[in-house]
Structure formats: structure tokens, C-alpha cells
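The block underneath contains the structure these notes are about, expressed in C-alpha cells.
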Amino acid sequence: MCGITGLKPTYGRVSRYGMIAFASSLDQAGVLTAGAADAALMLREMAGFDANDSTSVDTPVPDYVATLEQPLAGLKIGLLQEFFDKGLDPENERRVREALQVYEQLGAKLTVVSLPNLPLSVPVYYVVAPAECSSNLARFDGVRFGHRCENPRDLTDLYRRSRGEGFGAEVKRRIMTGTYVLSAGYYDAYYLKAQRVRQLISADFGRAFKDVDVLMGPTTPTPAFAIGAKTADPITMYLNDIYTIGANLAGLPAVSIPCGFVQDLPVGLQIVGPHFSEARILAVAHALQRATDWHTRLPPGYA
Amino acid sequence: MSAWETVIGLEIHAQLATRSKIFSGSATTYGAPPNAQANLVDLGYPGVLPVLNAEAVRMAVKLGLAISARIAPRSVFARKNYFYPDLPKGYQISQYELPIVAGGVLDIQLEDGSSKRVGITRAHLEEDAGKSLHEGLPGVTGIDLNRAGTPLVEIVSEPDMRSAKEAVAYMKKVHTLVRYLEICDGNMQEGSFRCDANVSVRKSGADKFGTRAEIKNLNSFRYIERAINYEVQRQIELIESGGKVVQETRLYDPDKGETRSMRSKEEANDYRYFPDPDLLPVVLEEKFIESVRASLPELPDQKAARFVSQYALSAYDAGVLTASRELADYYENVVREVPQEPKLAANWVMGEFAAALNKDGLDVTSARGKVPPQNLGGLLLRISDQTVSGNVAKVVFATMWSSGALADTVIAEQGLKQITDAAAIERVIDEVMAKSPGQLADYRAGKDKLFGFFVGQVMKATGGKANPAQVNELLLRKLRG
């Protein structure tokens, strides 16, 4: 939806050491590039085990660039049924389906797959991410890190005002949500349940990848909305992430590439693969970028 | 029998003797200048991550095996969230729902000689917090993060203790154990070994526990006993005067000898525990656990039992000698020199040797430099072969302690060799009798008590070197006339 290529690697593929943590079990360093080939170049340098990050995985790093030209003949693409639902903008859908036709012409086989728990991604995400964020942002208390208020009366005042002044509205909303879902008496109903559903979502993906090589769908339900347009309605705003959160919760690698425009706004196609299949999804993305030029086109007004 | 029964459970914090911290490479040495041993991880810098110290895990497993507990094949680190200036991340990494060790036992010896089994609910790994400094800093609070991230094992007992004495006996037993296992230096002044005591009282025979108060941060055996006794008395008086014990955290003030309220249950933090996403679950394979088991030393109870059977010591002596591994090793090295005298060796190690340690404020390890066990054994050999009497040996020992000399050297140089020549002793007896005609007459007239007087005179004349048994025997004969 930004007109660029975005790659989120498998959780654990790139070290998180040095990244300021937001939601530790979801945070993963990715790249934003002009095309899949550039993303492959970048990832080749970034990926690999780091002893400073216990959650980074010690598995060999393939040469993502060398495998970019893999032919697509016989590639099994699963279309995520849950993503082509009534929430999807029809024009957005048209651009995505046009891209899928290109893949068919390149020799890929399309089937529809269902991930029944996938629609729960948004509520799960908005429990897990705020919970972790409420803890990760605690260190920005004005004592050592973050904004420090003027003339605190005492320690409690320092904490309260430093955080009150330093954090923006959305951050505060998430810290409060996260604090709530971890509280005594609510932990089981929210955090624990969210983690269980997260596992169900992961299992859904696992089952799907027994039958297909990659999953595809739109990156977002609609083209980009204007800055500030949905601040007052966070639920609608959060729902814009509905298609991308699933892969994030399951720790899967995913790439989003431009596949056309709706009213001069770029539309993204999402490609998700099994864990550590970055070489495959980059090659699949690269194939579309060889067959089309959406990734090089700019909407009017940009030059 | 008292109308009230005391119920105590302890949470012991033992600092693990790893060289580096539990989640960072910083050193754990005590006494460094403030913040000299705190790296980016200990300081809680944004963007850094914890990496678990494998040695801390091995030590916790050692403890678990030594108390016959279950070692969790999978344990999980959690974040305990709270705000405090000496906690830079805003959370402490600890274990909560899935601790590494669960369900152990430890036997303690009571004063009446019986033993009692105390249940250990769990033991988990966690990081220590930093320290707030106030001394010499007027108007401000200093933060020293050297201690932040120091590995701790928290050992939580069942509420099985029924008196302050039992609690102290348990605490001492754990103290002995962690030092045997070499997982904690046990230094209580430096805070390496400390406890929180959960104390409640109930009517004797009641089956429900009373409301408990938790006394925080007790770091000496004496304080534990005093704090618990004070708290028990306070609770009994409170209930008997119609009041109710409230669940709260209390602090012991050693100067005033009393406990006072720190915070009530209502004011208690909601720690919002959740599994730390920065750390993977700790998965332990049977092979690893077995390799740790194979590395376990002989444990205090096993050693004490062996001392009783191998050296024919009393259970009490065996208990004293095995209270520390260093003392037990010292004793066994002494016995190696005088294998025929294990009881004599026990008396000397627990007596003269321990007294000398106490007097100079030394530990066994540093005393080895002054009087190595071989040297003490050498002295006992001379008691055993009657070269010196027990009393003269004490004089010899004092010189050995101050000079580091060998027993035989001291005996030769100071001419302390025992006189066992009967003719020589008889000569001295004759002289003594000649000098004390009055006493001799009285004795012969039936004043038996004067026998001691003559022994004293003979010993004095020989500088204490005459063989006491021979003196007795010869005197008896000569005095009879």
C-alpha cells in the first residue's frame, strides 16, 4: 500500500539486538526496498544467528540473491479465502486478482485455502502486542530513559508526569490495554487466551503449507487512508492491519509488493511462506517484478 | 503445652557463585565501585537483550538434586513488572509458573536430637535488583547497579516450621548445603544469603492457618530468630486483645528488636507476570541432569552418617564436624595422620582448633596456612604415643598456632617431652614428700583429699611434663608409706 517492496523475515532470522523493543515476540527487522532483488541483497547481509539474541535461530543463511531467478512452474499458490471477504475493497481485489493471473501465466497453480482462525488475528494482536509493549516501555520512566518532566515533586510525580508528557495518545492506549490484560484476574481471560488462539493461528498456517508452497492475498483491505483520518476510531484503524498480522503472529516470513493502483494509490500483494522460506518468497516476488513494472511506477504527483 | 502454635515458612535468596551475571557478561565480584560492574544489559538500555548464563542453570539443578526435588524438563522465565529506581528495565526477570526446581525435602536436626523433614515447594532462578544508596549523599538517592542481574536462586519452603529455632535450623541447613554444593558463598553480611519469613499463629490443634505476615530481608541467623519471636508474640498479643492479624509485609529493625509494617496486602503490587518473550524456555535433557547428578559432592547428611560409622563418632560430633565442608575435610586430614584416634581428633578439631579460629576470627581455609591438618595430626600423634600429655599439648598447640612450627619441633625446643621414667618421677615424689611433712602426716591420718595436693606439687616440680597416670600410680604407693 506504500508502493514499495517490504519484507518481514521469519521471527529469529535477523537479530533483534540493538532494536528498541515494542512487542518482543513480534518484533523482527525487515527491509523496505524498491524491489525484491534489493530486499534479497539486504537480507543476505542482515540474516544470521546472534549470540546476543536468544530468540535468533542458528540455521544457515542461504544466498537469497543467487536463487532469485527460480522458475515458477509447478508453484502451488494458496489464496487466503478469509482475506477475500466483504471487508476487501473491490478495486483493491481487482488489482490483486490481476497479479494472481500473471502468476498463473508464469506456470503457478492457484487453489483456495481456508485458515479458520485467521480472522481472530486482530484481537489476538491487540492483546499480545500491548501487553509486551506495556512492559517494554516501562524503562522510559524519566529516571534514566525517555522524557523527564520538569521539577518533579517526588518519585511518583516524576514517573507520572514524565510518562504522561512523553508518550503519545496511541502509545498510552496500548500501555493501558497491555497493563489491563496482564492484571491479576484478567490475565487468563485475555493474555493467556490470546496466546492460545495465537497457537491455533500458527497451526492453521502449518496445515496450509502442507498443501501449498506460498499463500497470497491483499496486503490491506483498502488503499491508504489520509493521515489522522481514523485516529478517533482506532478499531477501524486497527482492522487495516487485518491481513498482515496473521503472518506476524505465526512468525512467518512475508513480502508485500506493489500490484497496481486504485485512485492513484498503490495496492499491495502479500506473499507468505513457511518459516525460513525467504529465498522462495523473494523469488516469487521477483518473478512478478520481472513480468510487470508496478514496482517501478509512481503515482501522479511523485517524480 | 502452649495455647498457640507458630507456623513459619521461609523464602531463602541465595546468590549463585557464578563469575558473571545471570543475563549478562558483567562480573559479580562484591565491593566494586558503584556501577563499575554494570554493562548495557544490567543498565536496561533500550535495544539490548538478556542471554541466560548456563552455569546458573547448572547450579540450580545441583540444588534441586541435592534436595531430592523434581527438575523441570522445561522451565520458563517471566517478567515481574514494577517501578523502582533500582530496577532499570521496569521489570525483574524471574521464574513464576514454571520454576526449574519443585517439590524437594530437607531434614533438619532439632535440639532434642530428633530430626524433622521440611518440605521445599520450589526453587527458581531470578536476577537481583540494584541498590539505592543514601549514605554520604545528602538530598539525593544514588543508584548502584553492580548487583543488578546477579543470579539468585529463591528457595521457597512449605509452612512446615513450628518455632523460630526450627526456622533457624532449616536456614542453617540450607546454608550448609549451598556451600557444600559450591553454588553460593553463603556470606550473609554481603547479602549473598538472606531470607523472608512468613509467620502466622493459630490455636493449638486448629487445622486452618492464621493470617500471615511476611518479614522481609533477614540476613543473620540471630535476627531471624529474634524477628520471628517478636512477630509471634506481637500476633498472639494482638489476637488475645481482640484484634486481627492483617496480611502485610513487615520489616525487622535490629536496633529496636521489633518488626514494623511496610505495606499491606491492599498496597501490594500487581506484578503482571508474563513469560519473557526475550528468553526461550529452559529445556533440560535427562543426560544433562544426570551429568550434574554425577558431579554432586558427598552431601552433609551423607557425610555425617559416614563419620558416625567410619569414625565411631556421636551423631552430635558428626553434625558439628560436617556443618561445613572445609571443617569436615580438615578433620579427615587430621585423622589420616592419627587413624587410631578419631575421637581424639574430633575433640581437638571441635575444641582447641575451633576456639583458635574463633579467637582470631579466621575461617578453616585461612587457618590451614597456620596449622595445616597434617601438623595438628602430628601433635595428636604425640598425645597418642604419650610423648606429651593433653594439657601440655595445648601449650604446644598455642605455639604451633602462633609460629606455624611443627609439633615435634616445639616439643623438642621447649623441652616439653613427657617424663615417663619411673625412677625420675619417684625422685621428684620423694622431694615433694620431704618438703611437706605436715600434709604427709595428715594424709596418712586419713585426709584422702590431700592426694590432689601431692599430684599438683609433682606436676609443678616437673613443669607439667610428668606422665599423669604414672604420677598417680607412684604417688599412691609412696604416700601409703
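Just so it is clear, the values below take in all heavy atoms, side chains as well, and ignore hydrogens, waters and symmetry mates. Letters go in sequence order (proteins before strands), and every chain restarts at 1.
Between A:T55 and B:L280 there is a side-chain heavy-atom pair separated by less than 4.5 Å. Residues B:L145 and A:R144 are in side-chain contact: their nearest non-hydrogen atoms beyond the backbone lie under 4.5 Å apart.
The OG atom of A:S54 lies 10.0 Å from the CZ atom of B:F77; values are rounded to the nearest 0.5 Å. Taking OH of A:Y187 as the start and CG of B:D270 as the end, the distance is 12.0 Å to the nearest 0.5 Å.
Of the atoms belonging to B:F23, not a single heavy atom falls under 4.5 Å from chain A. Contacts between A:Y186 and chain B at a heavy-atom distance below 4.5 Å are absent for every atom of the residue. Contacts of A:L155 with chain B are made by side-chain atoms alone, with heavy-atom separations under 4.5 Å and no backbone atom involved. When heavy atoms are compared at a cutoff of 4.5 Å, A:A131 approaches chain B solely by way of its backbone atoms N, CA, C and O. Contacts between B:I143 and chain A at a heavy-atom distance below 4.5 Å involve the side chain alone, from C-beta outward. In this structure, chain A has a heavy atom under 4.5 Å from the backbone of B:Y273, while its side chain stays farther away. Proximity to chain A (any heavy atom under 4.5 Å) is restricted, for B:Y91, to the side chain, taken from C-beta onward. Proximity to chain B (any heavy atom under 4.5 Å) is shown, for A:N136, by both the backbone and the side chain. Looking at A:T156, neither its backbone nor its side chain comes within 4.5 Å of chain B, counting heavy atoms on both sides. Interface remark: A:F22 contributes no atoms to any contact with chain B (heavy atom separation under 4.5 Å).
The number of heavy atoms from other shown groups lying within 6.0 Å of CE (A:M46) is above 12. Within a 6.0 Å radius of CZ in A:R161, more than 12 heavy atoms belonging to other residues, nucleotides or ligands are found. Remark: A:I227 CD1 is loosely packed, at most 12 non-hydrogen atoms of other residues, nucleotides or ligands lying under 6.0 Å away. Enclosure of atom CZ in A:F167 by more than 12 non-hydrogen atoms of other residues, nucleotides or ligands within 6.0 angstrom is indicated. Within 6.0 Å of CZ on B:R19 lie no more than 12 heavy atoms contributed by other residues, nucleotides or ligands.
Ranked by non-hydrogen atom pairs under 4.5 Å with chain B, the options A:A21, A:S183, A:S25 are led by A:S183.
The heavy-atom pair separating A:R139 from B:G44 by the smallest distance is NH1-O, 2.8 Å. Here the closest heavy-atom approach between residue A:A138 and residue B:F83 is recorded as O-CE2, 3.5 Å. Closest non-hydrogen pair, B:P277 versus A:Y11, comes out as O-OH, 4.0 Å. A:E132 and B:R79 get closest at one heavy-atom pair: O-NH1, 4.2 Å. Residues B:V51 and A:A51 share a closest heavy-atom pair of CG2-O, 3.3 Å.
Listed by chain and residue number, A:R16 satisfy the salt bridge (Lys or Arg N to Asp or Glu O under 4.0 Å) test with A:D53 (two or more places apart in sequence, or in another chain).
Taking the six-membered ring for Trp and thresholds of 30 and 60 degrees, A:F145 and B:Y45 have ring planes more than 60 degrees apart, a perpendicular arrangement.
Within residues 188-201 of chain A, the residues having any heavy atom less than 4.5 Å from a heavy atom of chain B are, in residue-number order, A:Y191.
Judged purely by atom type and a 3.5 angstrom limit, B:N81 has no side-chain atom pairing as donor or acceptor with the backbone of A:S135.
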